[in-house]
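What follows is a single structure, written as structure tokens, with notes after it.
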Amino acid sequence: MSSIHQHKDDPLHSLRHSAAHVMAQAVLEKFPEGKIAIGPAIERGFYYDFDLPRPLTPEDLEQIEARMREIIAEGHGFIYQEIDEQEARQLFADQPYKIELIEDILARGTDEYGEPMKGPPALSIYRHGPFIDLCRGPHVDNTKEINPDAVKLLSVAGAYWRGDERRPMLQRIYGTAWKTAKELEEFLDWQEEVAKRDHRRLIKDLDLISFHEEGGAGLAYWHPRAGRMRVIIEDDWRKRHLEGGYEIVFTPHIGRANLWETSGHLDFYKDGMYAPMDIDGQEYYIKPMNCPFHIMIYKSRLCSYRDLPLRWAELGTVYRYERSGTLHGLMRVRGFTQDDAHIFCTPGQIEDEILRTLDFSLDLLRGYGFEQFKIELSVRDPNTPEKYAGADAMWEQAEASLVKALEARQIDYERMEGEAVFYGPKIDIKIKDALGRAWQCTTIQFDFNLPERFDMTYVGEDGREHRPYMVHRALLGSLERFFGVLVEHYGGAFPVWLSPVQAQIIPIADRHLEYADQVAQRMRAAGLRVEVDRSGDRMQAKIRNAQVNKVPYMLVVGDREIEAGQVNLRRRDGEKAGALSVDDFIALAQEAVAERRLL
RNA sequence: GCCCACGUAGCUCAGUCGGUAGAGCACACCCUUGGUAAGGGUGUGGCCAUGGGUUCAAAUCCCAUCGUGGGCUCCA
């Protein structure tokens, strides 16, 4: 996970951090008995956590924001001062959270956000006007440098002290600050655009996917239109996997407890699994992962090195318990289908397989119009090698193969020290959408744990048994989440090849219906997804409806078109291409599909 | 799970101090037969999330549950 804390050298950082201090001052004036916790600058703003006698209301925020503008106008300088422990304890005697931070800084050399500090522990404060905060800075020189027209408080949320659910729940005020009012305006516009593209809104408006209170939280229902899209995505996925040297497998949704005992899931992942069901006196669990099943297939016969590599893929539907507060539309659900695969290979094949998987994944994702990626290489924490399964040599080889693949393709990546899971290093690929937001999709991870636990072997050239390498990978991640990302990326206006309805035929009057049906039939025979608007609406309303549904092509047919055997094309982007023959339209649409164009 | 907020017709929402409900869209029917983003009329539709409680009286107040949202946390 990338740090939400903004880089300290960003010029906006000190501005926002200073705004957080000003906000804290305003809050403490309103609630003199309030306790302050921490208040950093974040990616697009800042926040500060408080322990207050009562919940904050939107009106409180308005008042606090107004007071902030006054404080800014008062023009206080930010004054830095290093202090010793005794002074610190005295200054913050009635601020227990600050005292805890002071103790941590001195004891562990971590800063106020729990991150290790460079150099010897040192305590410093920043003071502006009457407000003093334990703080390393940096800050602007004077509150006047904060533009009062470019600051806005956004929301209040609960947040545990130090992110620990056993600690007190604090109130966090989020705000944003920019250099100019124009930048603030742009940020607010951006937020509005984000809201407009919210997949939770669009899957409802476009009749794609629903959730049901009666059916249970976090469980998605795919409607026919989304079903069409999913079939296209799955067919494309299968085709590419078969071309890419994968075999497709299918495995059960439930498995006996001993399977999950062997895999270690019941030891390490039980909280994520649903309660077992009793079948003939045996406990069965619904699967949270597909791996043990693929391993069962592997173990169903003796495997020779000549058989390797094996690449087995499955659109495997899994169910995981996610805490209620974490559910979020399609992005975080309790039941989802992974485009999962496991690669079993010899140590000598690892490099090839990793490179191949990386290429395969990027190619697949590019097919959906994603061009920008954020790639993370997660490796072990070198300080705690005992926390990891698998021999050092394997970790080193695995990591080398991942690095080599990334470098072979000259891909920029971020090395995440200590972010590897205990069973192996991994590469994660996040795709960047049209609004620049990164979404986790692909994960390619080594697994040094399961081959051991299941005692997987293959017979080598030497006639002896060897342990295969196992790589677990999901490229789209979960179909549910990927679908949600697609909806947000395109704002519901999908490229033609994905659009549930590619062309809407709009008869001007009822007497044109027969021709509309004929035309639709020809188009369907050519493989296009076409609907005829048979409502009693006027043409204008029919166009509007198609437009609102983001149908790529609208084909108006009336007397003139019937006469000429044509359709009159209007595109979703408002371009009126005019009349053309049915065959010409079919060719045009087929080309857009083949090239995966937007229109 | 936790803090805060919210849940009224299929959808988006209104509903004052407690006196058992409204609009627009959608849908149905009728009129309109049209030329590139909403033609007109009539009508159907609500156990006010669910279950308790307070009250003469609850959409409205209280409690619990379910669901949703903003976050925290988690996501081997």
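We name chains A, B, ... by the order of the sequence lines, and we start the count at 1 in each one.
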For [X], report the nucleic acid contact type (base, sugar-phosphate, nothing); a contact means any heavy atom under 4.0 Å.
X      : result
A:V421 : sugar-phosphate
A:R572 : nothing
A:D205 : nothing
A:Y174 : sugar-phosphate
A:K204 : sugar-phosphate
A:M289 : base
A:G325 : base
A:N568 : base
A:A159 : sugar-phosphate
A:Q547 : base
A:E561 : base
A:Y321 : sugar-phosphate

Mind checking the [atom1] distance from [N] to [M]? Whole angstroms is fine.
N      : M      : atom1 : result
B:rA64 : B:rC4  : P     : 11 Å
B:rU60 : B:rG52 : P     : 14 Å
B:rG24 : B:rG19 : P     : 24 Å
B:rC17 : B:rC62 : P     : 14 Å
B:rU8  : B:rU33 : P     : 41 Å
B:rG70 : B:rC11 : C1'   : 23 Å
B:rG43 : B:rU55 : C1'   : 38 Å
B:rA21 : B:rA58 : C1'   : 13 Å

Ring-ring centroid check [X] [Y], cutoff 6.0 Å:
X      : Y      : answer
A:W260 : A:Y269 : no
A:Y48  : A:F46  : no
A:Y553 : A:F585 : yes
A:F422 : A:F268 : yes
A:F344 : A:Y298 : yes

So, is A:R538 near the phosphate of B:rG40, with a side-chain N or O under 4.0 Å from OP1 or OP2?
no

Is the shortest side-chain N/O distance from A:R201 to OP1 or OP2 of B:rU12 below 4.0 Å?
yes

[atom1] of [X] versus [atom2] of [N]: gap in Å, rounded?
X      : N      : atom1 : atom2 : answer
A:L56  : B:rG71 : CG    : C1'   : 14 Å
A:R200 : B:rU68 : CZ    : P     : 11 Å
A:I543 : B:rA37 : CD1   : P     : 6 Å
A:Q191 : B:rG70 : CD    : P     : 12 Å
A:D49  : B:rU73 : CG    : C1'   : 13 Å
A:Y47  : B:rC72 : OH    : P     : 8 Å
A:D207 : B:rA26 : CG    : C1'   : 12 Å
A:D533 : B:rU36 : CG    : C1'   : 13 Å

Counting only side-chain heavy atoms from C-beta out, which of [options] sits nearest to [X]?
X      : options                : answer
A:H328 : B:rG35, B:rG70, B:rG1  : B:rG70
A:R511 : B:rC2, B:rG34, B:rG35  : B:rG34
A:R172 : B:rC74, B:rG71, B:rG34 : B:rG71
A:E165 : B:rU33, B:rU73, B:rG35 : B:rU73
A:A541 : B:rU73, B:rG70, B:rG39 : B:rG39
A:D510 : B:rU36, B:rG34, B:rG70 : B:rG34
A:S155 : B:rC74, B:rU36, B:rG70 : B:rG70

Got a list of protein N/O to nucleotides 63-67 of chain B N/O distances below 3.5 Å?
unit_1: B:rC66; atom_1: O2; unit_2: A:E213; atom_2: OE2; d: 2.8

In the structure shown, which nucleotide is the Watson-Crick or G-U wobble counterpart of [N], with both distances under 3.5 Å?
N      : answer
B:rU16 : none
B:rG43 : B:rC27
B:rC74 : none
B:rA49 : B:rU65

Tell me whether [X] at atom [atom1] has more than 12 heavy atoms from other residues, nucleotides or ligands lying less than 6.0 Å away.
X      : atom1 : value
A:R54  : CZ    : yes
A:Q518 : CD    : yes
A:K30  : NZ    : yes

Side chains of A:T442 and A:R473: does their closest heavy-atom pair fall under 4.5 Å?
no

Side chain to side chain, A:R197 and A:D433, heavy atoms closer than 4.5 Å:
no

According to the interplanar angle, ranging from 0 to 90°, do the rings of A:Y97 and A:W161 count as parallel (below 30°), tilted (30 to 60°) or perpendicular (above 60°)?
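A:Y97 and A:W161: perpendicular rings.
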
Closer to the 5' end of RNA chain B via nearest nucleotide, is it A:A420 or A:D537?
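Mapping each residue to its closest nucleotide by heavy atoms, the 5'-most match is A:D537.
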
Closer to the 5' end of RNA chain B via nearest nucleotide, is it A:S535 or A:R544?
A:S535

